[in-house]
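The structure under discussion appears below in the form of structure tokens.
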Amino acid sequence: MALRSNTQKRLVAWHDLCHATTKLALIILAAFAMTACSRSSSKPPSSPPPRSAVAPVETEPAPPPKPPGLRFIVPTAQTPLDGSVTTNVFMDTGTGRPESGMYGSNRTASDGRPRYHEGLDIAPLKRDRRGNALDTAHAIADGRVAYLNRRPGASNYGNYIVLTHRDPGVGEIYSLYAHLASVDAGRAVGQTISAGHLLGIIGHTPDLPVARSHLHLETGLIINSRYADFAASRKLTNDHANWNGGNLQGFDPADLYARLDAGGCFDLAAYLATLPTAFRVAAQTSKPIDFFKRYPALWHGPTPATGAAVWVVLDFSEEGLPLSGRLATASELFTRSGQLIAVDEEALDRNGRRLLTRQKSVWRLSNSGEDWLALLLY
């Protein structure tokens, strides 16, 4: 066999290099596809695919791809947080019932009535000799720092931090981390943050017993971007601008963790669609509602125009989370704004938020419920 020329050798080497590079690229792409949340691209292929020698099989058209979801992780070393295990995971209120550290109307007030809890109280795994928690708290998703409170006496949350995250299907959601012993010195408002970034150390601020040290975690939606103005108009005490707890409406973080897909992503729009409507209210407004301007996926049909007053119909979850809104139809007649037009007592459950009250057999909005509606419409 004749020896190859230098040119031939270079061509063979170039061919081997190209083959190895292509193989490496495919391995990387395969690994990325296994771990990433679903992504889509609207760009058409630059050229038609090659014809196949095998006749194609007729199939149903593929559904439109979903936008990339938000990937979530747990905020501490404690796991699982989906509610499947409760003992030693959730910090109780001193009753010995771990359910009292979970989301919902799981608590009992001093007057014997149910009381609503906005999030999950996550127990620490490590303590020092004095009983102080040593666990650290971390961001559960990519986002930005929206608010920091380093004055524990200024809030029932103690030292707390609020992050915002962009959900592609619904809009801006928040996560809140409360009762911290301290907020990490490297955190600042406006800072972009990634899942897993250190936020602080778990504690018992402002005045919880050290034995009940825990991380209070909330996830939810922001009711009104003008809460600070609303609070001022009502002469309400507010040291936290729009990040006052009165403007934040949570949904169950345990549900979030229970519904993560294989890539760790959460479909918030699909989840909200599963929440039952506990009560329905008719209200009058002369402007588009701020909440639905920021969460347009939850509004159905044409939006109210600024100017003339129109009637709207609003659906709420048990805890007061707005689930949907629409203009009233021509056949719907209402007598006053804030009129309660439907109640599902099964969905209302224990009514720990007390947005509704019942006199004999008649339900109506409580004073708290009327204030909640006023904030939504402000």
Side-chain angles (χ1 to χ4, degrees), residues 63-64 66-67 167-173 220-227 229-230 233-234 242 246-251 267-349 351 353-378:
K66 292 182 178 180
D167 178 88
V170 176
E172 187 175 63
I173 68 174
L221 306 184
I222 301 138
I223 297 301
N224 200 311
S225 60
R226 298 179 61 232
Y227 177 81
D229 295 335
F230 173 81
S233 72
R234 296 278 183 117
N242 289 335
N247 192 38
L248 306 175
Q249 179 54 53
F251 56 80
D267 190 337
L268 177 58
Y271 169 67
L272 293 178
T274 68
L275 296 181
T277 295
F279 59 99
R280 178 171 295 154
V281 175
Q284 246 185 343
T285 181
S286 58
K287 59 183 180 181
I289 300 171
D290 176 79
F291 179 87
F292 293 107
K293 287 170 62 178
R294 291 179 294 105
Y295 302 111
L298 303 181
W299 182 266
H300 304 293
T303 57
T306 301
V310 296
W311 285 96
V312 296
V313 176
L314 309 170
D315 286 356
F316 295 89
S317 71
E318 172 201 355
E319 305 85 0
L321 182 66
L323 298 176
S324 68
R326 62 173 175 83
L327 289 174
T329 65
S331 62
E332 291 176 311
L333 301 176
F334 309 112
T335 57
R336 63 180 181 85
S337 185
Q339 179 180 342
L340 191 64
I341 56 177
V343 177
D344 183 335
E345 294 188 14
E346 182 176 353
L348 190 61
D349 196 26
N351 191 29
R353 184 75 191 278
R354 303 179 193 173
L355 297 177
L356 303 188
T357 184
R358 181 165 57 181
Q359 295 178 341
K360 296 183 179 179
S361 60
V362 179
W363 287 99
R364 67 172 181 82
L365 287 178
S366 65
N367 292 336
S368 297
E370 290 179 349
D371 290 343
W372 187 242
L373 181 62
L375 170 61
L376 181 67
L377 298 176
Y378 183 77

If we ignore hydrogens and angles and just use 3.5 Å, is the side chain of [X] paired with the main-chain N or O of [Y] as donor and acceptor?
X	Y	value
Ser368	Arg354	no
Trp372	Gly320	yes
Asn247	Asn224	yes

Mind checking whether [X] and [Y] have side chains closer than 4.5 Å, heavy atoms only?
X	Y	result
Arg358	Val343	no
Ser324	His300	yes
Asp344	Thr277	no
Leu356	Leu365	yes
Leu248	Ile222	yes
Leu272	Leu321	yes
Pro322	Leu314	no
Leu221	Leu268	yes

Which atom pair, heavy atoms only, marks the closest approach of [X] to [Y]?
X	Y	result
Val170	Pro296	O-CD, 4.4 Å
Gly169	Ala297	O-CB, 3.5 Å
Pro304	Leu327	CG-CD2, 3.9 Å
Pro288	Thr306	CD-OG1, 3.2 Å
Trp311	Arg336	CH2-C, 3.4 Å
Ala328	Phe334	CB-CE1, 3.7 Å

Roughly how far, to the nearest 0.5 Å, is [atom2] of [Y] from [atom1] of [X]?
X	Y	atom1	atom2	result
Asp167	Tyr271	CG	OH	13.0 Å
Glu345	Leu348	CD	CG	7.5 Å
Arg294	Ile223	CZ	CD1	7.5 Å
Leu355	Ser317	CG	OG	8.5 Å
Leu376	Phe291	CG	CZ	7.0 Å
Arg280	Asp315	CZ	CG	4.0 Å

Excluding sequence neighbours, so at least two apart, what forms side-chain hydrogen bond (donor to acceptor under 3.5 Å, both in side chains) with [X]?
X	result
Tyr378	none
Thr329	Ser331, Glu332
Gln339	Thr335

Full working for side-chain contact (heavy atoms from CB on, under 4.5 Å) between Trp299 and Val312: CA-CA 11 Å; Trp299 182 266; Val312 296; 3.7 Å; yes

Full working for side-chain contact (heavy atoms from CB on, under 4.5 Å) between Phe292 and Thr303: CA-CA 9 Å; Phe292 293 107; Thr303 57; over 6 Å; no

Worked check of side-chain contact (heavy atoms from CB on, under 4.5 Å) between Ile289 and Leu377: CA-CA 6 Å; Ile289 300 171; Leu377 298 176; 3.8 Å; yes

